4 protein chains.
Amino acid sequence: MSKKMWRTAISTHIGTKALVRGYELEELIGNLTFTEAIYLVLKGELPTEKERKMLDVMFVATIEHSIAPPSIIAARAVISGGNSLNVGVGAGILAFGSAHGGALEDIMKLLQENIDKTADKIVKEYLSQGKRIPGFGHRFFKDFDPRAKKILSFAKELGFYGKYCKLAEDMDRDPLSYNALITRTIAIAYALKGITEEAEHVGVFLPNSTSSVKIDPISYFS
Amino acid sequence: MSKKMWRTAISTHIGTKALVRGYELEELIGNLTFTEAIYLVLKGELPTEKERKMLDVMFVATIEHSIAPPSIIAARAVISGGNSLNVGVGAGILAFGSAHGGALEDIMKLLQENIDKTADKIVKEYLSQGKRIPGFGHRFFKDFDPRAKKILSFAKELGFYGKYCKLAEDMDRDPLSYNALITRTIAIAYALKGITEEAEHVGVFLPNSTSSVKIDPISYFS
Amino acid sequence: MSKKMWRTAISTHIGTKALVRGYELEELIGNLTFTEAIYLVLKGELPTEKERKMLDVMFVATIEHSIAPPSIIAARAVISGGNSLNVGVGAGILAFGSAHGGALEDIMKLLQENIDKTADKIVKEYLSQGKRIPGFGHRFFKDFDPRAKKILSFAKELGFYGKYCKLAEDMDRDPLSYNALITRTIAIAYALKGITEEAEHVGVFLPNSTSSVKIDPISYFS
Amino acid sequence: MSKKMWRTAISTHIGTKALVRGYELEELIGNLTFTEAIYLVLKGELPTEKERKMLDVMFVATIEHSIAPPSIIAARAVISGGNSLNVGVGAGILAFGSAHGGALEDIMKLLQENIDKTADKIVKEYLSQGKRIPGFGHRFFKDFDPRAKKILSFAKELGFYGKYCKLAEDMDRDPLSYNALITRTIAIAYALKGITEEAEHVGVFLPNSTSSVKIDPISYFS
């Protein structure tokens, strides 16, 4: 039997049966929503009704990016050159990076690595070193981000408001003078973190996540 | 007031309010599933429950592409070079084209342009000219495609089985000898066609649709 | 001996020796200019001194695209999202297409397919059908394109001014009233055509050439 | 006068005259080789004859990558999906990254940051910490890389063999037992370093250079 060079835990074929995370694809059609199927592929198991709802909340919160960000500009420029739809979409996705969407990943790491510190200590550390706190502040939403407010509210209602959400809100509510500058934009990230607290590959969940996601690089040459 | 060079009918901002197809984004969060939001963005209106269900059926049917197709190979090769997740995903999407995913668009056009002919006449025309009928036949599923069977079954149940579905099935059921060669793979396309019968930009719906989609190219230089 | 799924006529390895079009790579280093090496890879043989010079003329004529075209916008947007250099360059190249750079390919086809007609007849045909003649006219250079003038001048001097160049110039010089609208921009393409008159895969030469280049698609699924 | 959002020091237009690094493009056509034009665009000045020759040596050394690396696989997979040439080329370039081509940048940084240490000290430091020395070793060329040998030989002949080249060769020649494992593959990088010793944006020279190249990110949102 030949050794396969590339392997995946996500799906396999047995004869003409396609299996996704152990479930027959045929049985999933008509029984899952798209959101449930995405959860299954990423996490390896079916979501509870609350997890499904929370994921829908987060996905719907991201459907609108207006006309200005790099991803949209790249997509439109490539289409305007006379290329097909898939090439424009591909180029748009290329534009996500550390400066566009990447803040979600950065704040998740910050929260994860500093979970045992107080919000006050973290903020003072960052500000005293002149470092920008990722995920706080938004060029449009100066006071607060309405999407973040909604997401946090659903996180509480559905039971996903955990220690990471709390730390992030504490950092925002802290009595220091920085709170005029920071908003709750990043709730998308930390509410999500609530769901995936134990997950190893948590970054994979983020639609915008990019650099240093802990995805196994394929040892192509070995 | 400055004239905007780029316009979109999909979304706009009024102050800090984001509007998607006329709905406040804030109100959509928690009230729509991801599938409903996709339908809204693409069609400009909310789906009925049956349209939502049919779309979920079609989306879930496409979640598994195994490890062999060009899109997966391109994605993995790019990641193996040491790039971030978004670059791999972008490269995967670039690989969709006339020979990978494009059959969905081709069969939709064929059905649309030949809707007044009989299945028998269409098939004879194609075979006599030695042309391949797009969307029929699959390298794995020699007898029938289980996904297509499911999709067609839901199309009937939910009321989306229209003249295009019928023509496609007639082409498959025709007493000619080609039916050993063709399967119902393309049901994804024609059931979808059932939903969007009157839509002008029907191709936009297809996740894999690529070339010659009737998207307005941006007159960038004019 | 195992059958190779993918094959190339361009290069091979024998032990630790890399062969490019039959030449040892080691021997090429220091003996060829980059332009000569590009010619070798594309055409399979070394250029004459005149062919090398003509190719340098054409390559240098394309080094400047200023800041406005889709390829530059896509590249800058992707870099501004926080991605590495290769991702920006890749995105820029994606933006070339039928509406950006593609005119070079279109005019080459037009000249090739209409070489037995007179310039007068071709122009009348296009204008009477309201079709735009590809490769003539430029948004910046209203009178003539200085790059095209130079390229044509070198094509004459170096002996590459053949029937395609002549037809294109005739179309430009024709006593009809369209000559105010058209320029000699496209000389890049037709001088090049002079070099490659007999070549089958002529499009491959064009840095900007894109759609319908006669490159063998890899029969990946067969 | 309107303030331009995007600026470049590389080129500008004055009326219908295109200027590249201060030179009229029209005058460059026919007077520069492609290699000289690339040098001009990147460095802002014309190369000496020796610099031109050294650059040709390095460019020609990289023209052959055979059929196996990620860049070629990504390009072919994307073309096999039925896309145009530019999309395949773009996808190939996306595949360069820290694990494919990126070693050139890593070894340049290592040499730059450790130029005041001895080869012996650097190698011992890396090996004692179990870190891999970037740019040494190659999966095909176990003894030495013939391209590297050629490049170093030309670097000496043309006067570009400086302190970085020497340090790299010392690391390779060191009496420790690691020299069976390492080769001179990376000469491409350090000979180049010889040319650009004082250059600030040295990485830009490298065709394969990717992450953390010191290119100014466009402050798109400011």
Side-chain angles (χ1 to χ4, degrees), chain C residues 6 8 11-13 16-18 20 25-26 28-30 32-35 37-38 41 53 55-57 59-61 63-64 66-67 76-77 79-80 82 84-87 89-94 96-97 101 140-141 146-147 150-151 154 203-204 208-213 215 217-220, chain D residues 6 8 11-13 16-18 20 25-26 28-30 32-35 37-38 41 53 55-57 59-61 63-64 66-67 76-77 79-80 82 84-87 89-94 96-97 101 140-141 146-147 150-151 154 203-204 208-213 215 217-220:
Chain C
W6 282 357
T8 174
S11 68
T12 193
H13 281 244
T16 57
K17 287 230 172 296
V20 177
L25 176 57
E26 210 178 320
L28 301 180
I29 300 171
L32 295 190
T33 66
F34 189 31
T35 302
I38 293 171
V41 167
K53 171 95 180 182
L55 207 55
D56 270 327
V57 161
F59 283 166
V60 171
I63 57 168
E64 203 288 302
S66 86
I67 216 164
R76 298 193 76 145
I79 291 292
S80 80
S84 10
L85 185 56
N86 69 314
V87 187
V89 173
I93 289 171
L94 295 181
F96 288 103
F140 277 139
F141 303 120
R147 298 169 299 178
K150 276 275 177 178
I151 292 171
F154 278 105
V204 177
N208 293 344
S209 182
T210 54
S211 55
S212 66
V213 169
I215 193 169
I218 303 147
S219 326
Y220 191 72
Chain D
W6 282 358
T8 174
S11 68
T12 192
H13 280 243
T16 57
K17 287 227 171 300
V20 177
L25 176 57
E26 210 178 322
L28 301 180
I29 300 171
L32 295 190
T33 66
F34 189 32
T35 302
I38 293 171
V41 167
K53 170 95 181 183
L55 208 54
D56 270 326
V57 161
F59 284 167
V60 172
I63 58 168
E64 202 288 303
S66 85
I67 217 165
R76 298 193 76 145
I79 292 291
S80 80
S84 15
L85 184 57
N86 69 314
V87 187
V89 173
I93 289 171
L94 296 180
F96 288 104
F140 278 139
F141 303 120
R147 298 168 299 177
K150 276 275 178 178
I151 292 172
F154 278 106
V204 177
N208 294 343
S209 182
T210 53
S211 57
S212 67
V213 169
I215 192 169
I218 303 145
S219 326
Y220 191 72

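Bear in mind the structure is a predicted one, so any value in this text is a computation, not a measurement. FYI, side chains are in, hydrogens and waters are out, and symmetry mates aren't considered; it's all heavy atoms of this structure. Labels below follow one simple rule: chain letters A, B, ... track the order of the sequence lines, proteins then strands, and each chain is numbered from 1.
In plain terms, the two heavy atoms of D:G97 and C:N86 that are nearest each other are N-ND2, 4.4 Å. Considering every non-hydrogen atom in both C:K150 and D:E26, the closest pair reads CE-O, 3.2 Å. When every heavy atom of C:G30 is checked against every heavy atom of D:V57, the shortest pair comes out as CA-CG2, 3.8 Å. Taking each heavy atom of D:G90 and C:L94 in turn, the nearest pair found is CA-CD2, 4.1 Å.
Classified by interplanar angle (parallel below 30°, tilted 30° to 60°, perpendicular above 60°), the ring pair D:F59/C:F34 is tilted.
Among the candidates C:I93, C:L25, C:V87, the residue making the largest number of heavy-atom pairs closer than 4.5 Å to chain D is C:I93.
Residue C:I63 holds its CD1 atom at 8.5 Å from CD1 of D:I29, rounded to the nearest 0.5 Å.
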